[in-house]
Amino acid sequence: MVLDNLGEKLRETLKKVAGSVFVDESLVNELVKDIQRALISGDVNVSLVLELTKKIKERALNEEAPTGLSKKEHLVNIVYEELVSFLGEEKNEIKIESKKPFKIMLVGLFGSGKTTTIGKIANYYTKRGLKVAGVGLDVHRPAAPEQLKQALEAINVPVYIDKEEKNALKIYEKYDKEFKKYDVLLIDTAGRDALSDELIKEIKVLNSKIKPDGRLLVLSADIGQAAQKQAEVFNENCDVTGVVVSKLDGTAKGGGALSACKVAKAPIVFVGLGEKVEDLETFNPTGFVSRLLGMGDIEALLEKAKEAITEDDAKDMEKKFLKGEFNLIDLYDQMESMNKMGSFSKLLEMVPGMGQLKLPKDALNVQEDKLKRWKYILNSCSRSELENPENIDTSRAERIAKGSGTSTGDVKELIKQYKQSKKMIKMMGSGDPSKLMKKFKGGMPGLK
Ligand code: GDP
Ligand code: MG
């Protein structure tokens with residue numbers, strides 16, 4: 001699993017939040033310290049970590065949780081959002097133009113994973129219906145052409161190599177005409193043990209003669225923060241269009257490599273997660289952070305954050321409440337949002353003056369199956385019945401029950417609920433919470 005350690009530490013930290021009783025400054029401080037520890041042990045640059053956690057802290061202490069999200073959920077959401085923006089919000093993609101071929105050259109130090117990555121990228125584009133070929137321009141390592149050949153032949157991708165020729169550019173020129181048959185040409189180049197003038201010079205020559213459309217720098221994640229320097233030097237000399245961070249599967253330093261790319265303003269396009277051709281993923285910070293923090297939990301929370309009632313919705317509801325305009329459709333909407341938010345008492349908190357009523361928690365929860373039945377019932381009502389539910393007499397109720405596959409009792413219960421809610425709304429309009437409370441308690445079954 002990618003960045004096992006870092007992910008585990010962050011998940012533990014968030015679990016602590018979930019298990020705490022209060023969200024207060026001391027919890028936020030503890031959370032921030034835990035995140036700092038996790039990131040620094042994941043080799044992320046200390047000043048970056050401080051910057052990130054400062055933002056988390058500021059937001060956590062100053063932002064109100066939106067209605068529908070608890071304070072804890074809001075806090076977890078802040079951590080998530082800040083981690084995503086820390087890694088760069090956008091998804092960086094290589095836009096393959098329809099020229100033939102679209103040339104992608106891979107550069108990077110010796111052993112960074114260029115040749116392996118070419119196999120993976122070839123597989124990636126072949127699966128997407130493009131005609132791909134590879135050309136081997138690593139003339140420094142004797143075994144290099146054969147390695148590329150094996151990698152590409154295994155996935156039936158044509159490969160152009162010349163084991164005798166020692167001039168990289170000449171190999172390219174020899175096959176130049178052939179390349180026009182392909183949508184994508186992947187160009188493998190030589191690396192060196194370190195960033196040397198010789199390497200840079202060679203890449204510059206290839207760059208100016210071949211004019212690749214994409215220049216991908218392959219960085220091995222295990223170099224951690226050193227990725228920054230490499231990204232900067234390669235960028236200066238061959239104008240890197242994207243980065244592949246390889247070997248993220250086997251290192252504790254991945255956090256350093258990923259964040260270093262952000263500092264070097266080098267957009268990460270792919271990440272390598274193993275030695276096999278399938279072990280490549282497009283890099284998408286949102287998905288990446290979700291997985292880091294524990295996919296299922298975080299996704300459910302984000303869904304909830306999206307659905308949470310906006311202030312505008314709440315205001316609309318409030319206006320209707322106060323004006324006493326209310327029909328069956330409004331009732332259903334109200335029930336549905338109560339259901340979404342968990343309890344009626346929360347809904348009441350949004351109405352001015354109602355917050356102090358201190359209703360018993362969940363006293364008025366509507367069960368989901370009841371809501372479902374009500375929805376069927378509403379679908380079987382005519383427009384005039386929806387707008388004037390008072391006119392639904394027994395024979396109409398029978399007809400509606402039949403049409404909706406419910407019982408007459410269900411229909412009557414819905415009407416009863418409607419009448420009670422309407423009464424309550426009228427009282428709210430009167431603006432006297434104590435009077436309201438008295439009547440309200442009497443009027444609602446099961447509420448004492
Ligand atoms: P090059 O010198 O840049 O062409 O690097 P290679 O493609 O030859 O890769 C060097 C070594 O790293 C090989 O043993 C690869 O199998 C390995 N390697 C490359 N990418 C990954 C990866 O994403 N994960 C793991 N675990 N190993 C990788
Ligand atoms: Mg190689």
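Indexing begins at 1, ligand by ligand and atom by atom, following the structure's order. None of the values given here were measured: they were computed from a predicted structure.
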Specify whether Y160 and Y175 have parallel, tilted or perpendicular ring planes, treating 30° as the upper limit for parallel and 60° as the lower limit for perpendicular.
tilted

Check the pair F270 / F283 against ring pair (Phe, Tyr, Trp, His ring centres under 6.0 Å), numbers first and verdict last.
CA-CA 5 Å; F270 290 112; F283 183 66; over 10 Å; no

Any sub-3.5 Å donor-acceptor pair from N237's side-chain atoms to I200's backbone N or O?
no

Is any NZ, NE, NH1 or NH2 atom of the basic residue among E173 and K209 found under 4.0 Å from an Asp or Glu carboxylate oxygen of the other?
no

Per-residue contact class, T116 against ligand 1 - non-hydrogen pairs under 4.0 Å:
both

K120, portion touching ligand 1 at heavy-atom distance under 4.0 Å:
side chain

Is there a donor-acceptor contact under 3.5 Å from the side chain of D43 to the main chain of Q225?
yes

Mark the output for S112 as yes if a heavy-atom distance to ligand 1 is under 4.0 Å, and as no if none is.
yes

Check this for me - ligand 1, T117, N or O atoms closer than 3.5 angstrom, yes or no?
no

Proximal ligand 1 atoms for G272, defined as those under 4.0 Å from one of its heavy atoms
23 (O)

For K120, is there an ion pair with D279 - N to carboxylate O distance below 4.0 angstrom?
no

Looking only at protein heavy atoms, which one is nearest to atom 14 (O) of ligand 1, and how far off is it?
E275 OE1, 3.7 Å

Closer than 3.5 angstrom, by distance alone: can the side chain of K103 be matched with the main-chain N or O of G214 as a donor-acceptor pair?
no

Electrostatic pair E81:R59 at N-O distance under 4.0 angstrom:
yes

Can you count the protein N/O/S atoms lying under 2.8 Å from the Mg ion (ligand 2), leaving waters out?
1

Is the F179-Y172 ring centre distance short of 6.0 angstrom?
yes

Is there any N or O on D279 that sits under 3.5 Å from an N or O of ligand 1?
no

Looking at R192 and E202, is any side-chain nitrogen of the basic one under 4.0 Å from a carboxylate oxygen of the acidic one?
yes

Numbering the atoms of ligand 1 from 1, which are under 4.0 Å from a heavy atom of Q147?
6 (P), 7 (O), 8 (O)

Against heavy atoms of L109, which atoms of ligand 1 measure under 4.0 Å?
3 (O)

Classify the contact between V218 and ligand 1 as side chain, backbone, both or neither, using a heavy-atom distance cut-off of under 4.0 Å.
neither

Among all protein heavy atoms in this structure, tell me which lies nearest to atom 5 (O) of ligand 1, with the distance rounded to 0.1 Å.
G113 N, 3.0 Å

Exam field: side chain S41 to backbone A38, donor-acceptor pair closer than 3.5 Å
yes

When every non-hydrogen atom of T251 is compared with those of D222, the smallest separation belongs to OG1-CA, 3.6 Å

the protein heavy atom lying closest to atom 28 (C) of ligand 1 turns out to be K247 CG, 3.6 Å

Side chain, backbone, both or neither: which part of L248 comes within less than 4.0 Å of ligand 1 when only heavy atoms are counted?
neither

When only distance counts, is F110 in polar contact with ligand 1, meaning an N/O pair under 3.5 Å?
no

Atom 4 (O) of ligand 1: closest protein heavy atom, distance to 0.1 Å, is T115 OG1, 2.8 Å

Could you tell me, atom by atom, which parts of ligand 1 come under 4.0 Å of a heavy atom of L273?
23 (O)

Quick one: nearest non-hydrogen protein atom to atom 24 (N) of ligand 1, plus distance?
D249 OD1, 2.8 Å

Proximal atoms of ligand 1 relative to G274 (non-hydrogen, under 4.0 Å)
21 (C), 22 (C), 23 (O), 24 (N), 25 (C)

Under 4.0 Å from a heavy atom of K114: give me the atoms of ligand 1 that qualify, with their elements.
1 (P), 2 (O), 3 (O), 4 (O), 5 (O), 7 (O)

Tell me the protein heavy atom at minimum distance from atom 10 (C) of ligand 1, and give that distance in Å.
G111 O, 3.6 Å

Correct closest heavy-atom pair for A122 and V157 would be CB-CG2, 4.2 Å

Is D162 reaching over with its side chain to a backbone N or O of I171, donor-acceptor style, under 3.5 angstrom?
no

Answer yes or no: is there a donor N or O on one side and an acceptor on the other, between the side chain of R215 and the main chain of C238, under 3.5 Å?
yes

Taken to the nearest 0.5 Å, the spacing of L248 CG from E281 CD works out to 9.5 Å

